[in-house]
Engineer: 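My questions will all concern the structure given below.
In listed order, ligands and their atoms are each counted from 1. Note: hydrogens, waters and symmetry copies are ignored here, and every other heavy atom, side chains too, is used.
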Amino acid sequence: MRRKVIAGNWKMNMLPNETLSFIEALAPHVKNSEVEVILCVPYTDLFYALLAAQETNIKIGAQNMHWEDSGAYTGEVSAKMLKSIGVEYVILGHSERRQYFAETDETVNKKVKKALEEGLKPIVCVGETLEQREAEKTDEVIGKQIEIGLGGLKETDFATLIIAYEPIWAIGTGKTATSEQANETIRAIRKKIVEMYGNEVASNVIIQYGGSVKSANAKELFTTSDIDGGLVGGASLKVEEFEKIINFS
Ligand code: 13P
């Protein structure tokens with residue numbers, strides 16, 4: 001049985017003092033949750049988030065990293081650096097990084113390998129544009145993202161790695177994929193993983209849905225056959241709303 005994992009992606013939001021009060025307010029509401037709860041926060045909030053999340057069941061992640069350990073890469077942060085302060089998860093290949101910061105499937109692959117090597121758990125994002133969906137290219141586009149982005153890994157890597165299916169047209173638009181659409185695409189992702197790593201890996205890997213998840217649609221999405229929770233943007237910035245999503249059942 002796969003577990004449910006719900007992660008907040010704060011993107012470029014929240015200051016340290018807001019991080020402290022958010023986690024303090026959220027923790028009691030999720031302490032008995034069977035869902036795994038993760039908050040992926042800006043670099044400047046990581047240390048505060050880790051402090052506030054001590055002795056809670058909230059896990060902390062970053063939103064990006066570089067694939068080198070150190071060196072002349074102004075403005076970058078390495079997996080080793082994240083690991084050294086106790087970060088557990090890292091989002092890789094988010095569509096906003098692909099779109100605005102020239103992230104490619106190849107750089108995603110380097111980052112995934114480095115994260116795993118350092119013991120960080122990657123949340124790897126894939127997803128199609130509206131044009132690609134309308135041209136019925138969704139499976140092909142995502143197939144390529146998976147083939148390259150998740151190429152050359154070990155079967156055991158999939159015990160820690162999470163995939164997030166985030167259709168780009170559903171991110172921040174209020175336009176959610178229907179639970180059927182999301183479930184169907186996630187099944188196609190599992191099929192691709194079967195081809196690459198076999199049945200067992202494919203049926204055990206955690207695959208989340210992301211894109212305008214809110215308390216009003218969480219239950220419908222997360223109770224389908226193949227969706228193992230969500231990667232939540234805007235709705236993870238409000239304690240009350242995020243808590244309802246976590247306690248969807
Ligand atoms: P929204 O939930 O704001 O649509 O963002 C989704 C997302 O990009 C999470 O990574």
Engineer: Is it the side chain (CB and beyond), the backbone, both or neither of Ala164 that lies under 4.0 Å from ligand 1, heavy atoms counted?
Structural biologist: neither
Engineer: Does a salt bridge link Lys114 with Asp69, judged by any charged N lying under 4.0 Å from a carboxylate O?
Structural biologist: yes
Engineer: With only distance considered, is His94 within less than 3.5 Å of ligand 1 through an N or O on each side?
Structural biologist: yes
Engineer: Is it the side chain (CB and beyond), the backbone, both or neither of Ile171 that lies under 4.0 Å from ligand 1, heavy atoms counted?
Structural biologist: both
Engineer: Under a 4.0 Å threshold between the charged nitrogen and the carboxylate oxygen, would Glu118 count as salt-bridged to Lys83?
Structural biologist: no
Engineer: Is the shortest distance from a heavy atom of Gly174 to ligand 1 less than 4.0 Å?
Structural biologist: no
Engineer: Kindly confirm or rule out an N or O of Gly234 lying under 3.5 angstrom from an N or O of ligand 1.
Structural biologist: yes
Engineer: Using the rule given for side-chain contact (heavy atoms from CB on, under 4.5 Å), can you reason through Glu180 versus Thr224, listing the C-alpha separation, both sets of side-chain angles and the distance that settles it, and then say yes or no?
Structural biologist: CA-CA 8 Å; Glu180 290 80 22; Thr224 52; over 6 Å; no
Engineer: Quick one: does any side-chain atom of Glu220 pair with a main-chain N or O of Asn217 as donor and acceptor, under 3.5 Å?
Structural biologist: no
Engineer: One thing to verify: whether Lys4 and Glu34 come together as a salt bridge, which I'm taking to mean a side-chain N less than 4.0 angstrom from a carboxylate O.
Structural biologist: no
Engineer: Tell me whether Glu88 is salt-bridged to Lys121, with the criterion being a basic N under 4.0 Å from an acidic carboxylate O.
Structural biologist: yes
Engineer: Report yes if some N/O of Glu166 lies less than 3.5 Å from some N/O of ligand 1; otherwise report no.
Structural biologist: yes
Engineer: Do Ser225 and Asn183 have side-chain atoms, one donor and one acceptor, less than 3.5 Å apart?
Structural biologist: yes
Engineer: Does even one non-hydrogen atom of Lys214 get within less than 4.0 Å of ligand 1?
Structural biologist: no
Engineer: List every atom of ligand 1 that sits less than 4.0 Å from any heavy atom of Ala170, numbering the atoms from 1 in the order shown and giving each element.
Structural biologist: 4 (O)
Engineer: Which residue and atom name correspond to the protein heavy atom nearest atom 2 (O) of ligand 1, and how close is it?
Structural biologist: Gly233 N, 2.9 Å
Engineer: Could you list which atoms of ligand 1 come closer than 4.0 Å to a heavy atom of Leu231?
Structural biologist: 9 (C), 10 (O)
Engineer: So, His94 versus Glu166: side-chain donor-acceptor pair below 3.5 Å or not?
Structural biologist: yes
Engineer: Consider every N or O of Gly172 and every N or O of ligand 1, then say whether any pair is closer than 3.5 Å.
Structural biologist: yes
Engineer: Looking only at side-chain N and O atoms, does Thr107 offer a donor or acceptor that is under 3.5 Å from a partner on Arg97?
Structural biologist: no
Engineer: Just need the protein heavy atom nearest to atom 5 (O) of ligand 1, so name the residue and atom and give the distance.
Structural biologist: Lys11 NZ, 3.3 Å
Engineer: Can Ser212 be said to touch ligand 1, with heavy atoms closer than 4.0 Å?
Structural biologist: yes
Engineer: Counting only nitrogen or oxygen atoms and a 3.5 angstrom limit, does Gly211 reach ligand 1?
Structural biologist: no
